[in-house]
Amino acid sequence: MTLDYEETKSLERLTPNLDKNERPLAIIGTFQTEIPDVPFIPLDVLFSEKGIERLMIVFGYDMANPKSEKIREAISSRYIQNLSLEAVVNYVNVLNPQKLLIEMMQVYRQICRQLDIHPGKLVMLRFMIHCCCLVERLAVNVDSIKPIRDYPLQENENVFDVIKLSFRNIELSYNIKLPPIEIQYIYELIYD
């Protein structure tokens, strides 16, 4: 439930907002609260790498347990996908954003697996949003993407090949061609 800051200053002020048998497990917000035995999770932390882990601890998960780590990864991936979908829906108007997002998640996982890299969740979010919008732009030819610099740097040729090949099904499905400059941008986004 959403409450005003004043309603979260003390347990006495918070209690009227709860049902008879409810007890708050945590408070998420932008202003620190000081209610004893009720952890506070700042909103910016919730959207960070540690946000899901903090919530799981509140729900009683032992984060030292390998099963908990697998659950955290699954939740984080789903969470990022939902955040991405919300953002993509705002920018993708012609293509099906849900289908495109699923396809882009497959591309992202393929790139990470082939390069044996493990970027953070925020990198995944940026990748998903950027690439979904890119495919939309290319598919509807809204704007042309002109190279601003040469492609690719010789020492990154293998990485560029992996990115290019990972997008092959997307190129075929949407009848587009990923410009070399976009491969460079995706490389920079992943290795930022």
Side-chain angles (χ1 to χ4, degrees), residues 1-113 116-136 186 188-192:
M1 78 181 71
T2 304
L3 300 172
D4 291 330
Y5 174 65
E6 290 296 319
E7 294 172 303
T8 63
K9 278 189 169 181
S10 70
L11 194 53
E12 293 77 30
R13 290 182 181 182
L14 182 62
T15 304
N17 296 293
L18 304 173
D19 286 338
K20 184 178 176 182
N21 296 322
E22 286 183 324
R23 185 186 178 300
L25 291 176
I27 294 177
I28 299 169
T30 53
F31 296 101
Q32 178 73 41
T33 60
E34 300 295 331
I35 299 176
D37 300 323
V38 179
F40 174 77
I41 302 173
L43 196 56
D44 60 322
V45 170
L46 181 66
F47 291 112
S48 75
E49 292 288 318
K50 294 289 184 184
I52 301 298
E53 187 174 316
R54 294 271 304 266
L55 279 177
M56 288 181 67
I57 291 169
V58 166
F59 290 126
Y61 285 89
D62 174 11
M63 295 314 294
N65 183 330
K67 287 182 182 178
S68 294
E69 179 57 28
K70 285 184 179 184
I71 292 169
R72 187 192 66 76
E73 277 300 314
I75 292 171
S76 293
S77 180
R78 189 61 146 156
Y79 180 67
I80 291 295
Q81 192 172 359
N82 287 337
L83 280 178
S84 299
L85 180 59
E86 189 175 311
V88 168
V89 164
N90 291 328
Y91 296 104
V92 174
N93 300 310
V94 176
L95 304 177
N96 178 336
Q98 292 172 324
K99 178 180 181 279
L100 184 56
L101 194 62
I102 290 168
E103 293 169 328
M104 209 50 64
M105 180 63 82
Q106 292 169 343
V107 169
Y108 179 80
R109 287 181 179 148
Q110 183 176 347
I111 290 170
C112 292
R113 186 175 45 255
D116 194 27
I117 58 173
H118 309 282
K121 299 298 179 198
L122 294 178
V123 171
M124 182 196 306
L125 181 62
R126 287 177 37 219
F127 175 91
M128 301 296 283
I129 294 169
H130 174 79
C131 292
C132 287
C133 293
L134 167 66
V135 171
E136 165 106 341
I186 291 166
E188 291 172 4
L189 193 150
I190 291 172
Y191 285 98
D192 187 9

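Excluded from the calculations below are hydrogen atoms, water molecules and symmetry mates; all remaining heavy atoms, backbone and side chain alike, are included. None of these values were measured; they are calculated from a predicted model.
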>> List the residues meeting side chain to side chain donor-acceptor pair (under 3.5 Å) with Gln106, not counting sequence neighbours, and say none if there are none.
In response: none
>> If the condition is side chain to side chain donor-acceptor pair (under 3.5 Å), which residues does Arg126 pass it with, not counting sequence neighbours?
In response: Asp192
>> So which atom in Ser68 and which in Tyr61 form the shortest heavy-atom distance, rounded to 0.1 Å?
In response: OG-CD2, 3.8 Å
> Where do Met63 and Glu69 come nearest, in terms of heavy atoms and distance?
Replying inline: CE-OE1, 4.5 Å
> Residues in side-chain contact (heavy atoms from CB on, under 4.5 Å) with Leu25, at least two apart?
Replying inline: Val58, Phe59
Between [atom1] of [X] and [atom2] of [Y], what distance do you get to the nearest 0.5 Å?
| X | Y | atom1 | atom2 | result |
| --- | --- | --- | --- | --- |
| Thr15 | Lys20 | OG1 | NZ | 14.0 Å |
| Phe127 | Leu134 | CZ | CG | 9.5 Å |
| Glu103 | Gln98 | CD | CD | 12.0 Å |
| Arg72 | Met56 | CZ | CE | 8.0 Å |
| Ile111 | Met104 | CD1 | CE | 9.0 Å |
| Arg54 | Phe40 | CZ | CZ | 9.0 Å |

Are any of the side-chain heavy atoms of [X] and [Y] separated by less than 4.5 Å?
| X | Y | value |
| --- | --- | --- |
| Pro24 | Ile35 | no |
| Cys131 | Ile186 | yes |
| Leu18 | Arg23 | no |
| Pro97 | Cys132 | no |

>> Looking at Glu73 and Lys70, is there a salt bridge between them, counting it only when a charged N and a carboxylate O are closer than 4.0 Å?
In response: no
> So does Asp37 have more than 12 non-hydrogen atoms from other groups sitting under 6.0 Å from CG?
Replying inline: no
>> Quick one: does any side-chain atom of Asp19 pair with a main-chain N or O of Asn21 as donor and acceptor, under 3.5 Å?
In response: no
